[in-house]
Structure formats: structure tokens, C-alpha cells
There are 2 protein chains.
Amino acid sequence: MKPDALRGHLDALLLATLDGRQLHGYAIIEALQQGSGGALDLPTGTVYPALRRLERAGHVVSDWSTVGGRKRRTYRLTSAGQRALNAERSAWRQFTTVIDGVLGGDGKWAQA
Amino acid sequence: MKPDALRGHLDALLLATLDGRQLHGYAIIEALQQGSGGALDLPTGTVYPALRRLERAGHVVSDWSTVGGRKRRTYRLTSAGQRALNAERSAWRQFTTVIDGVLGGDGKWAQA
DNA sequence: CTCTATAAGTAGGAGCGCTACATATAGCCT
DNA sequence: AGGCTATATGTAGCGCTCCTACTTATAGAG
């Protein structure tokens with residue numbers, strides 16, 4: 001998958017990954033790897049700044065802890081973040097419907 | 001739909017719009033409007049530069065004509081563009097599958 | 001004592017889509 | 001005659017985001 005395809009959808013992925021659980025940055029990256037069957041291998045330089053953005057936006061909050069001598073910054077959704085996630089999910093639905101419609105066209109290639 | 005969601009997928013839309021027919025820029029914008037049920041209303045400042053990029057990339061070629069006193073630049077796919085369109089379509093499939101998987105998660109919200 | 005895994009971060013760049021503006025013709029309405 | 005709308009193409013420059021590359025630090029394996 002071309003790296004920039006995520007543009008504009010990364011927030012949704014991060015929020016969804018934090019839905020119902022709290023994870024630190026490194027664990028989020030691993031969760032996305034596993035949750036995507038290995039298709040998503042996001043670099044730290046993408047994820048960490050994105051989490052900061054989400055925190056600035058009030059969608060997540062973080063707490064520091066130390067586990068096994070290593071510092072962790074653990075994130076969890078705020079209620080605003082939960083609402084944002086719902087919005088992202090419905091926006092994603094709309095988005096794929098629209099693009100599918102254009103790409104699918106008249107059924108020339110559709111097979112599903 | 002948030003405007004930047006298109007990032008990375010605009011080429012696919014333009015190539016798909018030109019699949020099997022030749023259109024000029026203005027007509028492409030209208031075709032996308034109709035083909036998306038009004039959801040896509042791309043500004044000329046987005047479409048024209050994108051068409052130039054596609055032409056530079058060898059995916060489309062253009063010819064000038066004059067119709068009703070107005071100049072038109074009509075685009076059509078090259079064979080490389082046709083291949084690129086196929087690639088974009090399968091990339092889109094992969095992309096949506098991956099994101100759907102992450103957003104859908106464990107079925108908490110999936111309804112389809 | 002080095003190498004890998006774990007863990008977080010910054011600096012800087014590329015590139016794309018957008019806003020806003022400029023240009024030009026045809027046709028309609030007043 | 002003048003203005004307005006639709007048709008048609010284009011550029012300049014901005015903002016943002018994701019990426020590459022690098023830095024820092026600890027624990028454990030070999």
C-alpha cells in the first residue's frame with residue numbers, strides 16, 4: 001500500500017485502535033500491524049506526532065508510567081474522542097460509498 | 001465530506017472518470033458531481049493541476065479543440081493510464097479492506 | 001560489549017489539495 | 001449598453017500531513 005494513502009484517515013485509525021482500551025504509542029503501532037494483517041506498519045515519526053495532535057485536539061489524554069524500567073505514555077479516548085471516532089466512522093462509510101461508486105462505475109470491473 | 005480525505009485517491013477518480021471516454025476538464029468535474037450524487041464538487045484549482053500531473057506522468061494525453069467559441073482541452077487515457085487505473089482500483093480495494101478491518105474491529109459497530 | 005527489542009521523540013522535506021484570483025467567450029435579461 | 005450567469009482553463013501560494021532520518025534511553029540476549 002502506498003504510504004500516503006492514509007492521509008486524512010490516520011486519526012480514525014488511531015481513535016479506533018484506542019476504542020475500549022488504553023495503549024501506549026508503541027503498542028498502538030503493534031496493534032495496527034496485527035489488526036491490519038501486517039499491511040499497516042506506521043513509522044514512529046508518523047504516529048507520535050499524530051497522537052500529540054489528537055491530544056491537542058482533546059480527543060485523547062495521556063498518562064506517563066514506567067514499566068520494566070522503560071517510560072510509557074499511555075493514551076485513552078476522551079468522550080470528545082469517542083464522539084470524534086463515531087464521526088470518523090460514518091465519514092469513512094460515506095467516503096468509501098462515494099469512491100466505490102465512481103471507481104465501480106457501471107459494473108465494468110465490479111465483481112462483488 | 002472533509003475535503004482532504006481525497007488525498008492520494010484523486011488520481012484514481014480522474015482516471016476512472018476517463019475510462020472508456022474522453023472528456024475535457026470542466027466536463028470531468030461535472031461527471032464527478034453526477035457520478036457521486038453531488039458529494040464531489042471539486043474546485044478547478046484541484047482538477048486542472050491534477051490533470052497536468054497525470055499528463056506529465058504519461059497517464060493521459062490531451063488535445064485542444066474549440067466548441068461554440070470556447071476552447072476545450074480534451075483528455076483521454078493512455079495505455080499506461082489504463083494500467084495505472086487498474087492498479088489504482090486494486091489498491092483501493094486493498095486499502096478499504098484494511099481500513100474497514102481496523103475501524104470495524106470486533107463487530108462493535110459493524111452492521112453490514 | 002555489542003546487538004536487538006522496547007519506547008519516545010524531533011527536524012526537515014515533499015507533495016497535494018485547497019482558496020483565491022485572473023482570463024475569456026456565449027447567451028440571456030433588462 | 002451593461003451586467004450577470006454558465007462555460008472553460010489556468011496560476012500563485014498556503015497549510016497540512018505523513019514521511020525519512022536521526023537522537024535518546026533502558027533491558028536483555030549472545
Side-chain angles (χ1 to χ4, degrees), chain A residues 1-15 17 22-34 36 39-57 59-60 62-75 88 91 95 98-99 102, chain B residues 1-15 17 22-34 36 39-57 59-60 62-75 88 95 98-99:
Chain A
M1 167 156 35
K2 79 170 81 150
D4 277 12
L6 290 181
R7 276 189 178 273
H9 308 286
L10 179 59
D11 289 4
L13 294 179
L14 296 176
L15 294 174
T17 304
Q22 36 186 342
L23 294 172
H24 56 103
Y26 197 84
I28 292 176
I29 293 173
E30 288 182 322
L32 281 170
Q33 263 176 36
Q34 290 167 3
S36 68
L40 292 175
D41 189 13
L42 304 185
T44 67
T46 292
V47 172
Y48 290 123
L51 288 169
R52 307 301 228 78
R53 278 201 302 270
L54 288 175
E55 187 160 32
R56 260 203 323 264
H59 293 161
V60 300
S62 62
D63 304 291
W64 283 98
S65 60
T66 303
V67 177
R70 292 189 195 92
K71 283 182 178 169
R72 285 180 178 175
R73 185 172 199 163
T74 301
Y75 292 88
E88 292 277 9
F95 177 66
V98 169
I99 307 298
V102 174
Chain B
M1 166 153 39
K2 80 170 77 147
D4 276 12
L6 289 182
R7 273 189 177 272
H9 307 286
L10 179 59
D11 288 4
L13 293 179
L14 295 177
L15 294 174
T17 304
Q22 38 186 342
L23 295 171
H24 56 105
Y26 195 86
I28 291 175
I29 293 174
E30 289 182 322
L32 280 170
Q33 262 176 38
Q34 291 167 1
S36 67
L40 292 175
D41 189 13
L42 303 184
T44 65
T46 291
V47 173
Y48 289 121
L51 289 169
R52 306 302 226 82
R53 279 200 300 273
L54 288 174
E55 186 160 33
R56 260 203 322 266
H59 293 161
V60 301
S62 64
D63 304 289
W64 284 98
S65 60
T66 303
V67 176
R70 294 189 195 91
K71 282 182 180 170
R72 285 181 178 176
R73 186 172 197 163
T74 301
Y75 292 88
E88 292 277 9
F95 177 66
V98 168
I99 307 299

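Proteins get letters first, then strands, A, B, ... in listed order; numbering begins at 1 in each.
When the side-chain nitrogen and oxygen atoms of A/Arg52 are compared with OP1 and OP2 of C/dA8, none of them lie within a distance under 4.0 Å. At the phosphate of D/dT7, OP1 or OP2 sits under 4.0 Å from a side-chain N or O atom of B/Tyr26. Residue B/Tyr48 places at least one side-chain N or O under 4.0 Å from the OP1 or OP2 atom of D/dT9.
Between A/Val60 and A/Leu14 the shortest side-chain heavy-atom distance does not fall below 4.5 Å. Using a 4.5 Å heavy-atom cutoff, the side chains of A/Leu15 and A/His59 are in contact. The closest side-chain heavy-atom distance from A/Trp64 to A/Arg72 is not below 4.5 Å.
In the set D/dC19, C/dT6, C/dG9, the nucleotide with an atom closest to the side chain of A/Thr46 is D/dC19. Nearest nucleotide to the side chain of A/Arg7, out of D/dG10, D/dC19, D/dT17: D/dT17.
Within residues 65-74 of chain A, the residues approaching DNA chain C are A/Arg70, A/Lys71, A/Arg72, A/Arg73, by heavy-atom distance under 4.0 Å.
Atom pair B/Asp41:CG and C/dG17:P shows a separation of 16 Å (rounding to whole Å applied). For B/Ile28 and D/dT7, the CD1 to C1' distance is 15 Å, given to the nearest whole Å. Summarising the geometry, the separation between CD on B/Glu30 and P on D/dT9 is reported as 10 Å, rounded to the nearest angstrom. Note: NE2 (A/His24) to P (D/dT26) measures 18 Å, nearest angstrom. A/Leu42 has its CG atom 10 Å from the P atom of D/dC18, to the nearest Å. We find that CG of A/Leu54 is positioned 15 Å from P of C/dA8, with the value rounded to whole Å. Counting to the nearest Å, the P atom of D/dG15 and the CZ atom of A/Arg53 are 16 Å from each other. Summarising the geometry, the separation between CD1 on A/Ile29 and P on C/dA8 is reported as 8 Å, rounded to the nearest angstrom.
Separation of atoms CD1 (B/Ile28) and OH (B/Tyr75) is listed at 7.5 Å; rounding is to 0.5 Å.
B/Leu32 and A/Val102 make their closest contact through CD2-CG1, 3.8 Å (heavy atoms, listed as atom of the first residue, atom of the second, distance). Closest non-hydrogen pair, B/Leu40 versus B/Gln33, comes out as O-CG, 3.1 Å. Taking all atoms of both residues into account, the shortest heavy-atom contact from B/Ser62 to B/Glu55 is OG-OE2, 2.8 Å.
Within 4.0 Å of A/Leu6, counting heavy atoms only, lie sugar-phosphate atoms of the nucleic acid but no base atom.
Between B/Gly25 and A/Val47, the residue whose closest nucleotide on DNA chain D is further toward the 5' end is B/Gly25.
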